[in-house]
Number of protein chains: 2
Amino acid sequence: MFTIGQIAARTGTKVPTVRYYEGIGLLPEAERTAGGQRRYDRAALDRLGFIRHARALGFGLEDIRALLDIEGHGDAHAIAERQLRDVRDRMARLARLESELARIVGSCAGGGGTGPCRVLEALGDHDACAADH
Amino acid sequence: MFTIGQIAARTGTKVPTVRYYEGIGLLPEAERTAGGQRRYDRAALDRLGFIRHARALGFGLEDIRALLDIEGHGDAHAIAERQLRDVRDRMARLARLESELARIVGSCAGGGGTGPCRVLEALGDHDACAADH
DNA sequence: TATAATCCCTCTAGTGACTAGAGCTTCAAG
DNA sequence: CTTGAAGCTCTAGTCACTAGAGGGATTATA
């Protein structure tokens, strides 16, 4: 049996987060000692590991709840594909931001320089942007 | 003079968001008609445009507040550079997620197929990941 | 001038995924 | 038996909005 601090450390989770997961029903209610402290078994540890892995991949908690519920139906594939599409979307948007920001930062050469910095003008100038954000 | 709906439409903002910005002090308090409705001038419209542009580039509201306050000191450049670093960090992390997710989704070939889908196993299998998330 | 359609007002509460803190109790080691 | 770390509950805060209730203002048309 593990304490909450132990499963937290083993999965790279913070202790309040473990309690939060229990509170919203992602983790089952833990057994308690006579004094009221939580104790966990191997299954709980694995489940938390699964949750943290899925979180690290960007799945939302509701998606994770669905993944934990279905246990083998076809839905898992659809959820993962949707997540992959989301990630690719975000990548594309970030790439546009990056080039725009690089342009703005580049619009005045040095950081410690003397002249007035163009960053504010560049930020105010919407029309110079490629498009859509 | 513009109504709140007009400046919202012109800047691609939702009306409650404009009121929210006023509430947190990003926009000055608007003049009011006798009946209590907000009216805006050109300066307010420009300021809101600046805010929305900066938001679209991923700046947080506190950064934007700082950008609006300084009006020409060297800080703007530093803030923009930090934002650019943030964006590049996020891009790198997303790229790792993307390859991991693609692997997981690819681990079972078809969506509408018959056999059991490996997505859940792949999600549970932390060790197969390249690293660090 | 009356009315209807559209807009606007304030206020509260909810979102997602935690995180921080106060004030207290339990556990394990020595 | 004492001490110190770790645990407990509960409330509230984060960020940047968004939704809804219940009502008032403005404007265009008849």
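Every chain is numbered from 1, with letters handed out A, B, ... down the list of sequences. Bear in mind that the values here come from a model prediction, so they are computed numbers and not experimental data.
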Checklist line | Residue list, salt bridge (Lys or Arg N to Asp or Glu O under 4.0 Å) with Arg90(B), at least two apart or on another chain | finding: none
Notebook entry, point to check: Under the salt bridge (Lys or Arg N to Asp or Glu O under 4.0 Å) test, which residues partner Arg88(B), sequence neighbours left out?
Noted result: Glu98(A)
Next item on the list: Mind checking side chain to side chain contact (heavy atoms under 4.5 Å, CB included) for Gln6(A) and listing every partner two or more places apart, or none if nothing turns up?
Entry: Phe2(A), Thr3(A)
Notebook entry, point to check: Residues in salt bridge (Lys or Arg N to Asp or Glu O under 4.0 Å) with Asp46(B), at least two apart?
Noted result: Arg42(B)
Notebook entry, point to check: Looking at residues at least two apart in the chain, or sitting in another chain, which of them share a side chain to side chain contact (heavy atoms under 4.5 Å, CB included) with Thr33(A)?
Noted result: Gln37(A), Arg39(A)
Check: When every nucleotide of nucleotides 5-12 of chain D is labelled 5' to 3' by its protein contacts under 4.0 Å (heavy atoms), B for base, S for sugar-phosphate only, - for none, what sequence of letters results?
Finding: --SSB---
Notebook entry, point to check: Counting only non-hydrogen atoms, which of residues 20-28 of chain B are less than 4.0 Å from DNA chain D?
Noted result: Tyr20(B), Tyr21(B)
Check: Who pairs with Arg10(B) by side chain to side chain donor-acceptor pair (under 3.5 Å), at least two apart in sequence or on another chain?
Finding: none
Check: Within the side chain of Arg65(B), is there an N or O that forms a donor-acceptor pair under 3.5 Å with the backbone of Ile24(B)?
Finding: yes
Next item on the list: Whole angstrom is fine here: how far is it from CZ in Arg55(A) over to C1' in dT19(C)?
Entry: 14 Å
Would you mind writing out the side-chain donor-acceptor pairs for residues 12-22 of chain A within the sub-3.5 Å range, not counting sequence neighbours?
from, atom 1, to, atom 2, distance (Å)
Thr13(A), OG1, Thr11(A), OG1, 2.7
Tyr21(A), OH, Arg52(A), NH1, 2.7
Glu22(A), OE1, Arg38(A), NE, 3.0

Notebook entry, point to check: Between Leu48(A) (CG) and dC18(C) (P), how many Å, whole number?
Noted result: 11 Å
Margin query: For Leu101(B), is there any backbone N or O sitting under 3.5 Å from a side-chain donor or acceptor partner on Gln83(A)?
Written below: no
Notebook entry, point to check: How large an angle, rounded to 10°, do the end axes of the helix from dT1(C)-dA30(D) to dG30(C)-dC1(D) enclose when each is built from five base pairs?
Noted result: 10°
Next item on the list: Using salt bridge (Lys or Arg N to Asp or Glu O under 4.0 Å) as the criterion, list what pairs up with Glu31(B), not counting sequence neighbours.
Entry: none
Note to self: Please determine whether a side-chain nitrogen or oxygen atom of Thr33(A) lies at a distance below 4.0 Å from atom OP1 or OP2 of dC27(C).
What the structure shows: yes
